[in-house]
Amino acid sequence: MAPNDSAQATDEARDLGAGRRKAARYLVPVGVAGVAAATIGLVPALAASGDPSLPKISAQQLIEKMAASDTQQLSGTMKITTDLGLPGLGSLGSFAPKGGGSDKSASPDAKLTELASGTHTLRVAADGPDRQKVSILEDAAEYSLIHNGNDVWAYDSGSNQVFHSKKSAADAAEGHGRKTPDAGLPTTPKALADEFLKNVDPTTAVSVDGTSQVAGRDAYQLLVKPKQSGSTIGSVRIAVDAKTGVPLKFTLSPSAGGKAVVDAGFTKVDFSKPSADTFKFSPPKGAKVTEDDGKQKQTSLPEQSLPGGLGNFGDAKNTKVIGKGWTAIAELDTGGKGMPKADDSKGGGDAQKFLDSLGDKVSGKFGTGTVFKTRLVNALITDNGKVYVGAVTKDALVDAANSAK
């Protein structure tokens with residue numbers, strides 16, 4: 001690297017932190033459990049030639065463009081595909097719940113977990129911080145989550161059930177009190193991108209990797225890759241609208257290869273102001289309405305205080321963090337309680353075999369344990385009561401357990 005390039009990299013890395021903090025969230029972030037938040041360091045790169053032909057831009061300039069975007073109004077259709085490698089209900093066989101029936105209300109908790117797997121089509125709209133709407137479109141029904149001022153409504157047309165919660169100004173401003181249903185995990189390309197770009201450190205390479213068209217709009221491709229080995233995350237690709245700076249598509253690919261873990265992007269998008277009627281809602285005739293009494297368990301977004309998708313594990317009691325960046329691992333001490341064993345006398349033998357089949361038995365200086373794997377976040381539970389979890393490979397977890405004091 002030439003001396004002037006090195007100086008540019010130093011200046012960009014120093015200036016990036018201030019620019020990224022200007023990014024404002026404005027879409028209802030819901031669904032998709034288990035998406036890891038990674039930290040970003042900067043390697044400047046210029047946009048490669050491609051179709052469409054766009055002015056050259058550095059990675060820092062593109063991230064600053066995203067952070068400076070003041071777009072608060074849009075509507076469109078999104079497609080989101082999630083493949084965390086979790087076992088489906090069909091694989092649970094005789095261990096699946098029997099006769100549970102449908103949810104007793106349209107509360108988002110159960111409904112939004114469906115976004116953690118498979119492919120779904122969403123219709124989204126936003127008009128500033130006080131009005132957002134997300135609808136999950138199904139074959140014969142639609143589930144909508146609407147935030148309009150102090151009201152949050154959820155409506156399931158299939159069951160004709162409504163859930164209603166009040167969102168006070170104090171709760172919205174300070175984040176105190178009980179959670180409302182719109183305080184969930186990120187779904188939109190912007191919300192997903194924000195999670196990855198809100199921290200900066202030297203463990204990541206970022207570059208502009210050409211251009212593309214998304215939903216009929218010209219976009220730059222921001223490529224984010226870990227410098228460290230041992231992460232389950234191979235790369236993150238964010239298509240950024242060349243005009244507005246709004247992320248249009250987010251793709252997280254695993255280091256092991258294969259299809260994306262998360263692929264979320266607009267198929268149609270319009271940046272004009274949505275009609276005010278979009279955010280109006282009245283319960284349909286005959287619908288069962290459930291009012292939030294403060295006892296409902298709400299979907300909430302955990303603090304992403306640690307990289308690698310560790311959430312707020314690092315703040316938990318008897319927990320410490322091993323490593324940093326993309327390969328950070330949270331070590332939790334359960335007080336000597338390892339994997340629970342099913343009681344054969346109560347018919348638990350088959351259940352134990354099923355649980356064992358989901359994990360890999362491992363051993364080392366720490367003794368023995370089981371590694372439970374997804375395509376993104378893995379966890380090692382030792383028989384002596386230690387838990388190691390992170391967006392890292394099985395070998396990285398075993399190495400961490402072997403070196404732990």
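It should be emphasised that the depicted structure is a prediction, and the values quoted were computed from it without experimental measurement.
A donor-acceptor contact shorter than 3.5 Å is absent between the side chain of D151 and the backbone of H147. Under the 3.5 Å distance criterion, the side-chain polar atoms of T370 are left unmatched by any main-chain donor or acceptor of I381. For T232 (side chain) and L376 (main-chain N/O), a donor-acceptor pair under 3.5 Å exists by modelled atom type. With hydrogens and angles ignored, the 3.5 Å screen pairs no side-chain donor or acceptor of D156 with any backbone N or O of A106. A side-chain donor-acceptor contact under 3.5 Å links T278 to the backbone of S275. Of the possible donor and acceptor atoms, none in the side chain of T77 sits under 3.5 Å from a partner among the backbone N and O of T267. Side-chain atoms of S165 do not come within 3.5 Å of backbone N or O of D292 as any donor-acceptor pair. Of the possible donor and acceptor atoms, none in the side chain of D270 sits under 3.5 Å from a partner among the backbone N and O of S75. For S157 (side chain) and E142 (main-chain N/O), a donor-acceptor pair under 3.5 Å exists by modelled atom type. Looking at E331, its side chain never comes within 3.5 Å of a backbone N or O of A400 through a donor-acceptor pair.
Here the OG1 atom belonging to T251 is positioned 13.5 Å from the NZ atom belonging to K259, to the nearest 0.5 angstrom. To the nearest 0.5 Å, atom CZ of residue R237 and atom CD of residue Q221 are 5.0 Å apart. To the nearest 0.5 Å, atoms CD (Q61) and NZ (K56) are separated by 12.0 Å. Taking CZ of F366 as the start and OG of S403 as the end, the distance is 11.0 Å to the nearest 0.5 Å. Distance CZ/F281 to CG/N148: 11.5 Å, rounded to 0.5 Å. The OG1 atom of T393 sits 10.0 Å away from the NZ atom of K373 when rounded to the nearest 0.5 Å.
With no hydrogens or angles considered, no side-chain donor-acceptor pair links S207 and D209 at under 3.5 Å. Using modelled atom types and a 3.5 Å distance limit, the side chains of N160 and Y155 yield a donor-acceptor pair.
Between V377 and V389 there is a side-chain heavy-atom pair separated by less than 4.5 Å.
Nearest heavy atoms, V392 versus W326: CG1-O, 4.1 Å. Of all the heavy atoms in V162 and W153, the pair that sits closest is CG1-CE3, 3.5 Å.
Results of the side-chain contact (heavy atoms from CB on, under 4.5 Å) test with Y388 over L397, D399, L332 single out L397 as the only residue that passes. Shown are Q132, Q73, K133; of these, the side chain to side chain donor-acceptor pair (under 3.5 Å) with D127 is made only by Q73.
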Show your working on side-chain contact (heavy atoms from CB on, under 4.5 Å) between T327 and I329 and close with a plain yes or no.
CA-CA 6 Å; T327 55; I329 296 171; 5.9 Å; no

Side-chain donor/acceptor pairs under 3.5 Å, residues 117-126, sequence neighbours excluded:
from: T119; atom 1: OG1; to: T81; atom 2: OG1; distance (Å): 2.9
from: H120; atom 1: NE2; to: E114; atom 2: O; distance (Å): 2.9
from: H120; atom 1: NE2; to: S117; atom 2: O; distance (Å): 2.9

